[in-house]
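Just so it is clear, the model here is predicted, and its values are computed rather than measured. Chain identifiers are assigned alphabetically (A, B, ...) following the order of the sequence lines, protein sequences preceding nucleic acid strands; residue numbering begins at 1 within each chain.
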Amino acid sequence: MKYWLFKSEPSAYGIDDLARDGVTAWTGVRNYQARNFMRDQMRPGDPGFFYHSSCEEPGIVGIIEVARPAYADPTQFDRKSRYYDPGAAREEPRWLNVDVKFVRRTRVVGLDELRREKALRKMQVLQRGNRLSITPVTPAEWKCIMRLMK
DNA sequence: GCCAACGTTGGC
DNA sequence: GCCAACGTTGGC
């Protein structure tokens with residue numbers, strides 16, 4: 001089992017949306033590294049943090065769980081979607097998504113707060129220039145953040 | 001295969 | 001709105 005962090009802009013899809021939906025297809029990932037994480041390493045039951053980016057209060061806002069293994073992302077075939085990829089073929093999908101389910105909200109553990117933790121100094125999402133929307137979280141980092149939330 | 005140009009992300 | 005950082009694209 002692995003731990004993950006899922007980034008999303010709350011103006012597009014935030015923790016409130018997931019709390020309402022219960023389960024959602026994590027579509028729209030258009031980065032090969034993030035895709036490979038889903039395809040090669042994510043398994044149903046893997047826990048994840050839900051992180052709000054590009055908003056007033058960037059930070060971790062909830063806990064979620066992988067609910068379905070990676071499958072072809074339907075938005076790549078949808079001409080009307082902003083995620084449409086003319087280079088993707090049905091027989092050979094280029095992009096994948098998992099389903100994730102809502103577990104619970106947490107208090108907002110802000111970016112500044114995360115950065116203040118020595119144990120999180122190497123956490124991938126905190127590295128400068130990081131742009132991955134899905135990043136792995138080590139067990140030690142997970143434990144540290146769970147403790148912070150209490 | 002290199003690399004400049006471009007687009008996107010995301011914190012501030 | 002700015003800007004740093006990075007991935008992708010395309011000309012050569």
Side-chain angles (χ1 to χ4, degrees), chain A residues 2-21 24-42 46-66 69-138 140-149:
Chain A
K2 288 186 177 289
Y3 298 101
W4 303 98
L5 181 141
F6 292 78
K7 251 189 329 198
S8 185
E9 300 183 17
S11 60
Y13 194 89
I15 192 70
D16 292 342
D17 299 296
L18 187 59
R20 177 198 62 218
D21 297 341
T24 198
W26 201 261
T27 57
V29 173
R30 294 296 180 269
N31 170 287
Y32 288 104
Q33 218 181 321
R35 179 203 66 182
N36 294 348
F37 283 142
M38 291 194 283
R39 185 189 61 192
D40 304 332
Q41 299 190 43
M42 258 184 216
D46 281 4
F49 291 125
F50 196 113
Y51 178 95
H52 279 175
S53 68
S54 291
C55 56
E56 322 82 81
E57 214 181 350
I60 292 170
V61 295
I63 305 211
I64 67 181
E65 193 180 297
V66 176
Y71 59 98
D73 179 341
T75 63
Q76 70 193 301
F77 307 123
D78 178 3
R79 289 178 171 282
K80 286 179 198 141
S81 168
R82 64 169 291 211
Y83 299 115
Y84 176 64
D85 182 350
R90 293 229 173 236
E91 322 79 64
E92 214 175 329
R94 180 178 291 174
W95 304 111
L96 306 172
N97 67 270
V98 295
D99 286 355
V100 300
K101 76 175 182 206
F102 178 78
V103 174
R104 64 183 175 89
R105 293 171 201 274
T106 63
R107 72 176 183 85
V108 181
V109 182
L111 227 204
D112 49 344
E113 192 177 349
L114 294 170
R115 287 199 199 283
R116 262 185 259 124
E117 287 297 313
K118 267 203 177 121
L120 302 179
R121 198 153 283 174
K122 294 193 173 161
M123 194 174 176
Q124 198 166 343
V125 76
L126 302 181
Q127 302 311 301
R128 89 187 316 236
N130 171 71
R131 292 170 55 192
L132 279 180
S133 60
I134 295 173
T135 49
V137 174
T138 69
E141 289 163 352
W142 182 272
K143 202 186 274 184
C144 172
I145 294 168
M146 291 302 278
R147 196 158 38 220
L148 271 184
M149 283 167 171

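- Looking at residues two or more places apart in sequence or on another chain, you find a ring pair (Phe, Tyr, Trp, His ring centres under 6.0 Å) between A/Phe37 and A/Trp4.
- Between the side chains of A/Tyr13 and A/Asp21, at least one donor N or O sits under 3.5 Å from an acceptor N or O.
- For residues 2-15 of chain A, no residue pair satisfies the salt bridge (Lys or Arg N to Asp or Glu O under 4.0 Å) rule, not counting sequence neighbours.
- Scanning residues 121-129 of chain A for heavy-atom distances under 4.0 Å to DNA chain C yields A/Arg128, A/Gly129.
- By the side chain to side chain donor-acceptor pair (under 3.5 Å) test, A/Tyr32 pairs with no residue at all, sequence neighbours left out.
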For a quick check, with a 4.0 angstrom heavy-atom cut-off, what is the B/S/- contact string for nucleotides 5-12 of chain B, read 5' to 3'? --BBSBSS
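- Other residues, nucleotides and ligands place no more than 12 heavy atoms under 6.0 Å from the CD atom of A/Glu57.
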For residues 118-126 of chain A, which side-chain donor-acceptor pairs fall under 3.5 Å, sequence neighbours excluded?
none

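- Paired with A/Trp95 under the rule side-chain hydrogen bond (donor to acceptor under 3.5 Å, both in side chains), one option of A/Thr75, A/Thr27, A/Asp85 passes, and it is A/Asp85.
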